[in-house]
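A quick write-up on the structure given underneath.
If you're wondering where the values come from, they're calculated on a predicted model, not measured in any experiment. Just so we're on the same page: letters track the sequence lines, and every chain starts at 1.
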There are 2 protein chains.
Amino acid sequence: MNIKPTDEAVLIGLDWGTSSLRAYLFNANGTVLDSRQSSQGIMHLRRTAIEGGFDEAFEAICGDWLDVADIPVVAAGMVGSAQGWLEAPYVPAPVDCAPLTRALETLKTARGTTVFIVPGIIQNGPMPNVMRGEETQIFGAFAAYPELKEARRTLIGLPGTHAKWAFTFDGELQRFLTFMTGEVFAVLRDYTILGRTMHPSSNNLDAAFLRGVDTAIRHSHLGVLATMFSVRTLGLTGEIGPEQQSDYLSGLLIGHELCGLSHLLVEEESTLNDWTVGLIGDERLCRRYQLALSQMGYADVRILQKTTEYGLFQIAWDAGLLAAPSAQD
Amino acid sequence: MNIKPTDEAVLIGLDWGTSSLRAYLFNANGTVLDSRQSSQGIMHLRRTAIEGGFDEAFEAICGDWLDVADIPVVAAGMVGSAQGWLEAPYVPAPVDCAPLTRALETLKTARGTTVFIVPGIIQNGPMPNVMRGEETQIFGAFAAYPELKEARRTLIGLPGTHAKWAFTFDGELQRFLTFMTGEVFAVLRDYTILGRTMHPSSNNLDAAFLRGVDTAIRHSHLGVLATMFSVRTLGLTGEIGPEQQSDYLSGLLIGHELCGLSHLLVEEESTLNDWTVGLIGDERLCRRYQLALSQMGYADVRILQKTTEYGLFQIAWDAGLLAAPSAQD
């Protein structure tokens with residue numbers, strides 16, 4: 001599909017991460033007129049940065065859009081990291097959307113287009129935390145679902161390689177946590193003894209997944225370093241078959257992540273029930289988190305859609321990059 | 001060193017694990033007359049089992065001892081697993097040394113020598129646990145340090161790839177836990193984002209290690225999936241240098257392991273102070289566990305030596321494999 005950009009187009013948004021690049025073409029109402037995807041994440045450029053790798057990937061994904069209309073470009077994600085096109089230093093939390101838009105960094109591409117790069121967010125302290133890209137999804141969620149912004153306390157989960165949980169109050173991002181759940185799952189499966197007896201399963205085995213969640217809940221005080229060995233021992237005793245072990249391990253890790261989150265809230269005399277909870281990310285993975293949360297007694301958890309698109313448009317809007325729609329629109 | 005075996009030798013003990021093989025030649029008092037080491041662990045044999053790989057490794061390490069004296073051989077470790085020379089089925093805990101000796105499996109080598117294989121131990125239940133090799137070290141510790149057997153409650157830690165903590169009462173092994181601390185450390189360092197900024201450190205940086213232990217203690221409720229990301233963020237903020245990150249991560253993981261152990265005891269209305277605590281394993285690693293335990297307020301932790309040798313001899317003795325020493329000895 002290659003919809004021809006028209007004079008309606010007012011903005012290009014780029015979601016430029018480590019392993020992929022996505023481009024969105026917006027009209028003045030924030031509607032996505034066209035979108036594209038490329039495998040040229042910042043760690044997978046065809047040429048190095050010095051050889052013009054960023055410009056090349058940029059031209060390939062949206063050069064023809066810019067040929068038709070000279071419109072601003074906003075980019076979020078690892079493109080703004082020290083390994084990216086231009087470093088956009090972290091903005092400290094607590095933060096809402098406005099300071100983020102004031103901290104946009106700009107660069108000129110080879111063709112002369114200005115690209116506005118969204119900074120990441122840092123939470124300072126004895127155990128610092130950082131995010132880059134997720135801030136755009138979180139503020140996008142508030143744009144797409146105003147009721148989340150209006151809820152006094154909203155907790156937004158972003159499952160994945162480095163899962164984030166963001167605590168927001170009245171639309172301000174106050175603090176967040178990172179759980180390396182996805183990356184730990186991958187290395188345990190691919191490089192440890194636990195993976196040796198696993199057979200891949202094409203189905204999602206919810207029963208095995210939920211058994212893992214239950215083990216985590218029952219033994220959360222022991223910690224995941226202890227419970228993970230049960231993947232092997234339940235295999236040895238024949239209680240979980242080779243094709244169930246991957247889903248069981250997934251449930252175990254996600255269960256420990258959610259127990260950690262829950263323990264933090266309990267320590268602060270709160271529970272997940274005091275929060276409006278939303279999930280952003282891969283649909284299948286979000287459904288698994290819903291399932292696990294439901295098992296823990298939190299059924300009212302919503303999966304949020306198209307938050308990246310909404311976030312890129314909102315940031316550009318707040319930064320005054322968009323001309324106001326003309327009266328006849 | 002190749003001490004010539006004399007007619008004093010009464011037993012050969014083999015400690016035959018996944019990645020290495022050790023052999024001990026004992027006299028009737030349990031003194032080690034000679035010992036040898038080979039890299040032919042059960043997963044690293046020069047030839048496959050069907051091609052006679054076990055017999056070849058066996059002959060290479062102790063064939064000349066057997067040429068001189070036809071004495072019994074006792075073997076412990078993964079050699080008795082399903083992937084080993086002969087499977088010696090797990091004996092269920094609780095267990096003391098006697099049922100273990102009754103469950104020795106025997107095989108005849110190519111030269112006709114009988115090898116007695118020590119079974120591992122299984123703890124059944126919703127989260128089963130298994131050990132193979134460590135049981136010999138634990139009963140060896142009781143033989144070497146009778147005061148540990150006499151102490152009502154003894155907790156024996158065996159740090160390593162799959163760290164074990166064994167709860168013993170009056171010399172009986174009641175139950176145990178496995179923490180995959182060592183293997184998780186290795187895969188996080190070698191295959192995740194955390195390893196990318198690490199520089200190897202030739203020194204043991206105790207300050208960085210203890211900072212990791214402290215982070216684990218302070219945030220144990222969040223769990224290690226959350227705290228491990230601080231290796232990266234403390235690196236990003238310049239608080240821990242590239243050469244400190246590996247020791248910090250080690251402290252973090254060992255800290256979470258010890259917190260898990262401590263939480264289990266608290267749940268049972270006990271603390272580590274109610275137990276006599278001993279450590280078995282690599283000296284450097286045991287010292288780190290001592291350091292971490294001391295940081296948590298448990299200073300009275302002892303490192304136990306030569307437990308494998310004592311265990312192999314004790315099991316052979318209890319099984320009646322040794323002729324009683326003659327009167328003139």
* Asked: Can you list the residues that meet the side-chain hydrogen bond (donor to acceptor under 3.5 Å, both in side chains) rule with A:Arg175, with sequence neighbours excluded?
  -> A:Glu268

Please classify the contact between [X] and chain A as side chain, backbone, both or neither, with a heavy-atom cut-off of under 4.5 Å.
| X | value |
| --- | --- |
| B:Leu264 | both |
| B:Thr178 | both |
| B:Ile122 | side chain |
| B:Thr237 | side chain |
| B:Ser262 | neither |

* Asked: Given A:Phe167 and A:Trp275, is the ring pair (Phe, Tyr, Trp, His ring centres under 6.0 Å) satisfied, shown in steps?
  -> CA-CA 9 Å; A:Phe167 298 73; A:Trp275 296 73; 5.5 Å; yes

* How about residues 76-87 of chain A versus chain B: which residues have heavy atoms under 4.5 Å apart? -> none

* Does atom CZ of B:Arg218 have more than 12 heavy-atom neighbours from other groups under 6.0 Å away? -> no

* Structure fact -> Ranking B:Pro126, B:Ala163, B:Pro128 by heavy-atom pairs under 4.5 Å to chain A gives rank one to B:Pro128

* For chain A, find which of B:Leu188, B:Thr233, B:Leu177, B:Asn129 contributes the most heavy-atom pairs closer than 4.5 angstrom. => B:Thr233

* To do: Examine whether an atom of A:Val224 lies under 4.5 Å from a heavy atom of chain B, and if so say whether it belongs to the side chain, the backbone or both; otherwise answer neither.
  => side chain

* B:Asp274 side chain to B:Thr271 backbone, donor-acceptor under 3.5 Å -> yes

Shortest non-hydrogen contact from [X] toward [Y]:
| X | Y | result |
| --- | --- | --- |
| B:Pro92 | B:Ile121 | C-CG2, 4.5 Å |
| A:Gln244 | A:Glu239 | OE1-O, 4.2 Å |
| B:Val118 | B:Arg132 | O-NH1, 4.3 Å |

* Structure fact -> Most contact-rich option vs chain B, by heavy-atom pairs under 4.5 angstrom, among A:Glu183, A:Met228, A:His263, is A:Glu183

* Do you know which of A:Val266, A:Thr161, A:Ile193, A:Leu234 has the most heavy-atom pairs with chain B at a distance under 4.5 angstrom? -> A:Ile193

* With ring centroids as reference points, do B:Phe179 and B:His162 lie under 6.0 angstrom apart? -> no

* To do: Assess the side chains of A:Trp165 and A:Glu257: does a donor N or O sit below 3.5 Å from an acceptor N or O?
  => yes

* To do: Decide whether B:His256 and B:Thr227 meet the rule of one side-chain donor and one side-chain acceptor closer than 3.5 Å.
  => yes

* Should the pair B:Arg288 and B:Phe209 be classed as cation-pi, given the thresholds of under 6.0 Å to the six-membered ring centre and 45° from the axis? -> yes

